[in-house]
Amino acid sequence: MEQRIGSNSQPLKGEPVTGAGFDPAFIPGLTGSAAPREAEDAEPTAEVADSAEAEGSSAPEDSVPETGAADSGEEPAEEGGPVFEAADRRARIVTDRRGVRLSLDAEECEFTWAEIAAVETETARFGKRFTVTVHTPDRRWYPIEIEAASRSEFAEWDASMDAVLDAYFESE
């Protein structure tokens with residue numbers, strides 16, 4: 001009797017499958033894989049600018065992005081109000097009037113206060129790990145662990161996080 005190795009069924013040709021399992025950009029707040037889509041959208045603009053320069057004519061001002069505007073992606077300095085910031089060698093969390101920003105290694109995600117259903121903090125019973133979990137209304141959660149220099153920082157971090165949540169969460 002012959003045995004075949006592999007699948008007999010061929011993949012269907014049709015619409016690409018969407019969802020978090022196939023495209024990490026499907027999850028709101030993640031910015032890692034959204035860059036290639038933006039790059040695809042930005043390529044025609046760059047080609048138009050290059051072709052206009054090659055022809056010797058000046059391109060319209062709105063078709064050429066300004067380099068100063070791209071570099072100034074950050075908002076102006078914080079206008080007061082509480083800010084919570086904690087980081088270790090790999091992870092970082094910043095919570096302020098704009099929302100919650102989590103980063104781990106090269107991956108980053110940002111949540112505005114309107115996108116957040118709950119923020120949970122937890123300290124490890126043993127060890128020096130402080131966990132912050134952001135819950136969204138669509139029943140997804142995004143935990144991040146920060147390693148503290150000492151366990152005495154936990155009380156300070158909890159108080160800081162509570163001050164930020166009291167000031168901004170549910171205020172909009």
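Because the structure is a prediction, the values reported are computed rather than measured.
Ring geometry, Trp157 versus Phe84: the interplanar angle exceeds 60°, so the pair is classed perpendicular (tilted spans 30 to 60°).
Taking the charged nitrogens against the carboxylate oxygens, Glu147 and Lys128 have no contact shorter than 4.0 Å, which rules out a salt bridge.
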### Task
Please assess Arg140 against His135 for the test side-chain contact (heavy atoms from CB on, under 4.5 Å), listing each intermediate value before the final yes or no.
CA-CA 6 Å; Arg140 295 185 187 269; His135 296 269; over 6 Å; no
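Looking at heavy atoms from C-beta onward, Asp105 lies out of side-chain contact with Glu107 at the 4.5 angstrom threshold. Side-chain contact between Leu104 and Arg90 is present, with heavy atoms from C-beta onward closer than 4.5 Å. Annotation: side chain of Thr121 is in contact with side chain of Asp158 (closest heavy-atom distance under 4.5 Å).
Hydrophobic clustering of Ile, Leu, Val, Met, Phe, Trp and Tyr side chains at less than 4.5 Å, counting indirect connections, unites Phe169 with Val164. Note on Phe154 and Val132: same hydrophobic cluster, where clusters join Ile, Leu, Val, Met, Phe, Trp and Tyr whose side-chain heavy atoms are under 4.5 Å apart, directly or indirectly. In the hydrophobic clustering of ILVMFWY residues, with side-chain heavy atoms under 4.5 Å counting as a link, Phe111 and Trp113 come out together.
Residues Pro82 and Ala167 share a closest heavy-atom pair of CG-CB, 3.6 Å.
Rounding to the nearest 0.5 Å gives a distance of 10.5 Å between CD1 of Ile146 and CD of Glu153. Atoms OG1 and CE, from Thr95 and Met161 in turn, are 4.0 Å apart once rounded to the nearest 0.5 Å. Rounded to the nearest 0.5 angstrom, Glu115 CD and Glu110 CD are separated by 8.5 Å. Rounded to the nearest 0.5 angstrom, Ile93 CD1 and Glu145 CD are separated by 12.0 Å. To the nearest 0.5 Å, the span separating CZ on Arg97 from OH on Tyr168 amounts to 7.0 Å. Atom SG of Cys109 and atom CZ of Arg101 lie 11.0 Å apart (nearest 0.5 Å).
Side-chain atoms of Arg92 never come within 3.5 Å of backbone atoms of Leu102 as a donor-acceptor pair (strictly under, hydrogens ignored).
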